[in-house]
Amino acid sequence: LAQVFIGGSFAGYSCGFWQPPAGSPGMRWAVAVLFGIATAQPQKQRMEAPKWLDDDGKELFSDIESDENLYGEQACENREKLLKAMAGKGDSGASNYRVRTLLGLGLCEVKKENWVMAKKRLESTISEMNVPSEDMMMKNPDLAPVALTKQASDFMKKFELTQAGTQFRRCREVLDRNLKTVLKKVHQQMSQGGQSLPLEKLIEEIPGYGKTGQFLPTLMTQVQGLREVFSFAELVDNALDSLDNQVASVDPMQKKKKLRLDVSKGKGSKTGTMLYVRSIFTAPILSTESLAVAKELVDTGVAKAVTSSSLEKSVTLLKRTKAGSGCKDSTQICEKLAKIADIQSNPFGESRLMVLKENKKQTLDTCTTNANIGILVSSKDGVRLTVAGESVELKAGEPMGLDFCLEASLESSSAAQVLFAQAWHPEFAAVERTTELRARAGGFGLSDEEVKAAAKAVNDHAKSAWEKTAKTWRSNSEGLESMKKTLQSKEEEKIKAKEAAEEAKRKEDEAGDEERKKNLELLEKKRAEKKRQQEEAEKKRLARKKQLEEEKAKRDPWLLFPEVVEAEKHLEDLKDQRRDANAKLEFDLSNSLTKDISAAERALKSVAKKAKKAYKKGEKPGATSASSTESKGDKTDSKELKTLQAKLQDVKERKDKASQAENFKEAKKLKAEQKDLEEKIAKLEL
């Protein structure tokens with residue numbers, strides 16, 4: 001079968017390992033078994049259950065794989081059970097399948113918006129992968145969505161909504177690029193096989209998640225892994241919609257922006273000149289301290305150049321990443337602006353040097369995307385900025401930010417020049433910026449070379465300064481802090497309301513007539529009687545335990561030999577340790593302990609056998625160790641034993657074949673027969 005690869009690993013996060021160079025730490029660590037292997041073969045593909053699972057585990061695995069709703073309530077419940085069935089398994093590939101199951105559980109929690117548990121599950125996923133770091137994952141397009149979703153969940157847990165939105169949007173962009181790469185490879189494979197599908201039509205159908213369209217619904221049944229990637233993408237989109245609604249609940253202007261800018265339903269939504277970005281927040285007026293680009297305007301000398309400007313007519317300095325007509329008269333300002341990546345690489349608007357007339361109100365241009373912010377620099381004092389009813393006076397040479405998606409205007413007490421620059425929003429990530437640049441190049445009138453130059457400026461700036469710029473934005477934004485407190489207060493109020501409702505119900509249940517009180521008294525008596533009976537039962541149990549131990553000592557006195565008692569104690573201790581490891585989902589430790597338990601059981605059996613022989617020779621418990629007086633032992637290779645062993649081997653082979661054929665009823669029957677044979681063999685070997 002032709003396998004389609006993405007970035008060196010199987011499409012859709014397939015089963016596989018990455019092998020570091022010889023001598024490097026960690027010679028083998030799992031990349032992921034998140035989804036299936038994408039293949040261009042026109043046949044229905046399903047991932048088979050691993051052979052090392054028991055019959056119940058295989059049935060759970062098959063149920064999850066066949067569930068149309070990958071993150072529905074039933075599928076999530078089955079994953080919980082499957083994870084327990086996988087605990088302690090050290091077979092080849094077991095860790096990879098646990099990664100796949102843990103990821104599914106993490107995405108289930110994301111769907112429920114249970115951010116605390118989502119973060120925990122996704123951290124377990126990454127830990128089970130045994131990757132060197134999250135930074136490494138961020139550089140791998142196949143693994144980045146997992147790390148980004150985990151980070152988004154962490155931010156949501158801390159009510160940092162817009163930061164979570166940035167990570168979810170980045171995740172969505174990476175998934176979208178991965179999907180396009182898969183479809184291109186599938187298209188290439190199918191073309192080589194004599195089948196032809198229009199690639200552009202396939203890509204156009206991506207927003208329907210493979211559920212709608214002419215081609216993808218059919219292709220989804222033929223290409224393993226597509227369904228999982230599309231489900232992941234849909235889940236992230238739903239999370240972003242939820243986050244955007246939460247922003248709108250705090251910022252009443254958000255809905256108006258969406259109504260004007262959101263053209264997602266239109267055919268040209270990905271190529272036009274208008275864009276609405278979900279879960280981005282911008283205050284009407286922005287402090288200079290929150291904008292790194294404002295500092296750049298000062299440091300590069302743009303602000304100073306504006307204060308010395310003597311233009312008498314408004315001019316365009318930058319328009320859609322290219323120099324405007326005004327650069328002929330303002331060469332110095334244009335050259336300095338071109339060095340500021342957030343302004344120069346922004347194709348959605350234009351930066352202008354405006355000339356204000358005395359006491360004449362001038363309305364500012366309205367944004368074409370909420371992924372932009374405006375920055376104003378006045379040549380003199382006395383210019384007043386008004387945004388959505390809020391006003392502030394500009395100071396000469398000091399940049400001031402604003403949300404120009406809202407109605408904004410300038411008014412000056414005397415003639416003045418004002419630079420109106422339009423820059424990328426600090427929380428709009430580099431991967432989003434380059435995606436929009438390339439997708440909308442035709443609408444912006446940009447050539448391939450201009451797109452490459454702008455994308456390079458975006459990526460170079462992102463490597464050196466984007467995280468710092470975003471951090472500056474968040475740490476000095478009163479609006480974001482206010483949003484965080486508002487969301488936190490709403491959550492606390494929700495918790496308090498829930499607790500109050502529970503308390504009210506409790507009081508209502510407790511309150512009642514005399515009969516209820518009598519019933520409560522009767523209940524207390526019953527509880528006291530039940531406790532007394534339990535205590536008596538415990539005493540009887542302990543007495544019975546003592547009696548059984550005494551009978552055991554009389555029946556099998558060799559089991560009281562010190563070495564046998566010590567071996568039994570050691571075995572029980574190992575079993576307790578494994579139970580604790582399974583409860584904590586420490587699978588590597590559990591696997592190691594399973595091997596130790598098997599060895600301890602064999603050792604106990606051997607020691608007991610030696611003790612029995614020693615006892616028959618006259619030794620008593622507490623005397624010389626049975627092992628020191630043991631002879632070479634009796635041979636057990638009787639004809640009957642050999643017959644039973646051969647029959648056991650045949651039953652095991654038939655049971656494995658039945659499991660592989662998913663004939664679970666027959667496999668269960670053979671399993672019982674196997675157990676019976678093993679017990680008979682054990683008796684003969686004593």
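Side-chain atoms of Thr316 and Glu350 form a donor-acceptor pair, as typed in the model, at a separation below 3.5 Å. Using a 3.5 Å distance cut-off with no hydrogens or angles, the side chains of Glu128 and Ser95 do pair a donor with an acceptor. Gln74 and Asn78 share a side-chain donor-acceptor pair at under 3.5 Å. No side-chain N or O of Glu358 forms a donor-acceptor pair with one of Ser414 less than 3.5 Å apart. For the residue pair Gln151/Glu134, the side-chain donor-acceptor check at 3.5 Å is satisfied. Counted by atom type alone, Arg177 and Thr435 present one or more donor-acceptor pairs between their side chains at under 3.5 Å. A side-chain N or O of Glu113 and one of Ser242 form a donor-acceptor pair less than 3.5 Å apart.
Under the 4.5 Å side-chain criterion, counting only non-hydrogen atoms from C-beta, Trp115 is in contact with Val110. Using a 4.5 Å cut-off on side-chain heavy atoms (C-beta onward), Ser127 and Phe587 make no contact. Here the side chains of Val174 and Asn178 are in contact, with some heavy-atom distance below 4.5 Å. Side-chain contact between Cys171 and Val146 is absent, with no heavy-atom pair separated by less than 4.5 Å. For the pair Asn476/Thr288, no side-chain contact is recorded, criterion being any heavy-atom separation below 4.5 Å from C-beta on. The side-chain heavy atoms of Leu318 and Ile343, taken from C-beta on, include a pair separated by under 4.5 Å. Looking at Leu148 and Met138, their side chains come closer than 4.5 Å, going by heavy atoms from C-beta outward. The shortest side-chain heavy-atom distance between Met400 and Val383 does not fall under the 4.5 Å cut-off.
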Starting from the C-alpha separation in whole Å, work towards a yes-or-no answer on side chain to side chain contact (heavy atoms under 4.5 Å, CB included) for Gln422 and Asn346. CA-CA 8 Å; Gln422 299 175 16; Asn346 175 30; 4.0 Å; yes
Please assess Phe155 against Thr166 for the test side chain to side chain contact (heavy atoms under 4.5 Å, CB included), listing each intermediate value before the final yes or no. CA-CA 10 Å; Phe155 289 131; Thr166 299; over 6 Å; no
With side chain to side chain contact (heavy atoms under 4.5 Å, CB included) as the criterion, how do Asp580 and Glu586 come out once you've worked through the C-alpha distance, each side chain's angles and the decisive distance to 0.1 Å? CA-CA 9 Å; Asp580 290 341; Glu586 296 177 356; over 6 Å; no
Go through the steps to decide whether Thr282 and Cys405 satisfy the test side chain to side chain contact (heavy atoms under 4.5 Å, CB included), and finish with yes or no. CA-CA 9 Å; Thr282 310; Cys405 288; over 6 Å; no
Glu173 and Arg169: CA distance, side-chain angles, deciding distance, salt bridge (Lys or Arg N to Asp or Glu O under 4.0 Å) verdict: CA-CA 6 Å; Glu173 289 295 342; Arg169 290 196 310 273; over 6 Å; no
Evaluation steps, ring pair (Phe, Tyr, Trp, His ring centres under 6.0 Å), between Phe232 and Tyr71: CA-CA 9 Å; Phe232 196 167; Tyr71 305 111; 7.6 Å; no
Test Gln254 against Tyr276 for side-chain hydrogen bond (donor to acceptor under 3.5 Å, both in side chains), laying out the working first. CA-CA 10 Å; Gln254 192 80 354; Tyr276 177 76; 3.2 Å; yes
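A salt bridge does not link Lys471 with Glu467: every distance from a Lys NZ or Arg NE/NH1/NH2 to an Asp or Glu carboxylate oxygen is 4.0 Å or more. We find that Glu77 and Lys81 are joined by a salt bridge, their nearest charged nitrogen and carboxylate oxygen being less than 4.0 Å apart. Taking 4.0 Å as the cut-off between side-chain N and carboxylate O, Arg384 and Glu411 do not count as a salt-bridged pair. Classification of Arg121 and Glu80 as a salt-bridged pair holds, one side-chain N sitting under 4.0 Å from a carboxylate O. Between Lys336 and Asp299, no side-chain nitrogen of the basic residue sits less than 4.0 Å from a carboxylate oxygen of the acidic one, so the salt-bridge criterion is not met. Lys120 has no carboxylate O lying under 4.0 Å from a charged side-chain N of Glu109, or vice versa, which leaves the two without a salt bridge. A salt bridge links Lys158 with Asp154: at least one charged nitrogen is closer than 4.0 Å to a carboxylate oxygen. The existence of a salt bridge linking Glu160 and Arg474 is excluded, since no basic side-chain nitrogen approaches an acidic carboxylate oxygen closer than 4.0 Å.
No more than 12 heavy-atom neighbours from other residues, nucleotides or ligands sit within 6.0 angstrom of CD on Glu73. The local environment of CD in Glu390 is crowded, with over 12 non-hydrogen atoms from other residues, nucleotides or ligands closer than 6.0 Å. Within 6.0 Å of atom NZ in Lys339, 12 or fewer heavy atoms from other residues, nucleotides or ligands are found, so the atom counts as exposed in its surroundings. Surrounding NZ of Lys304 are at most 12 heavy atoms belonging to other residues, nucleotides or ligands under 6.0 Å away.
The side chain to side chain donor-acceptor pair (under 3.5 Å) pairs that include a residue from residues 395-410 are Lys257-Asp403, where partners are two or more places apart or lie in different chains.
Between atom CZ of residue Phe348 and atom CG of residue Leu275 there is a gap of 4.5 Å, rounded to the nearest 0.5 Å. For the atom pair Thr321 OG1 and Leu437 CG, the distance stands at 7.5 Å (nearest 0.5 Å).
Summarising the geometry of Ala147 relative to Ile126, their closest heavy-atom pair is CA-CD1, 4.4 Å, with the distance given to 0.1 Å. Closest approach of Asn359 to Ser413, counting heavy atoms only: OD1-CA, 3.5 Å. The minimum heavy-atom distance between Leu105 and Arg79, with the atom names listed, is CD2-CB, 3.5 Å. The minimum heavy-atom distance between Asp237 and Arg278, with the atom names listed, is OD1-NH2, 2.9 Å. Heavy-atom minimum distance, Gly374 versus Phe420: CA-CE1, 4.1 Å. Minimum interatomic distance between Gln362 and Val355 (heavy atoms only, all atoms of both residues): OE1-O, 3.8 Å.
Looking only at distances, a side-chain donor or acceptor of Asp381 sits under 3.5 Å from a matching main-chain atom of Ala396. A donor-acceptor pair under 3.5 Å links the side-chain atoms of Ser477 to the main chain of Leu480, judged by distance alone.
Exactly one residue among Pro426, Ser290, Cys367 makes a side chain to side chain contact (heavy atoms under 4.5 Å, CB included) with Ile373. That residue is Pro426.
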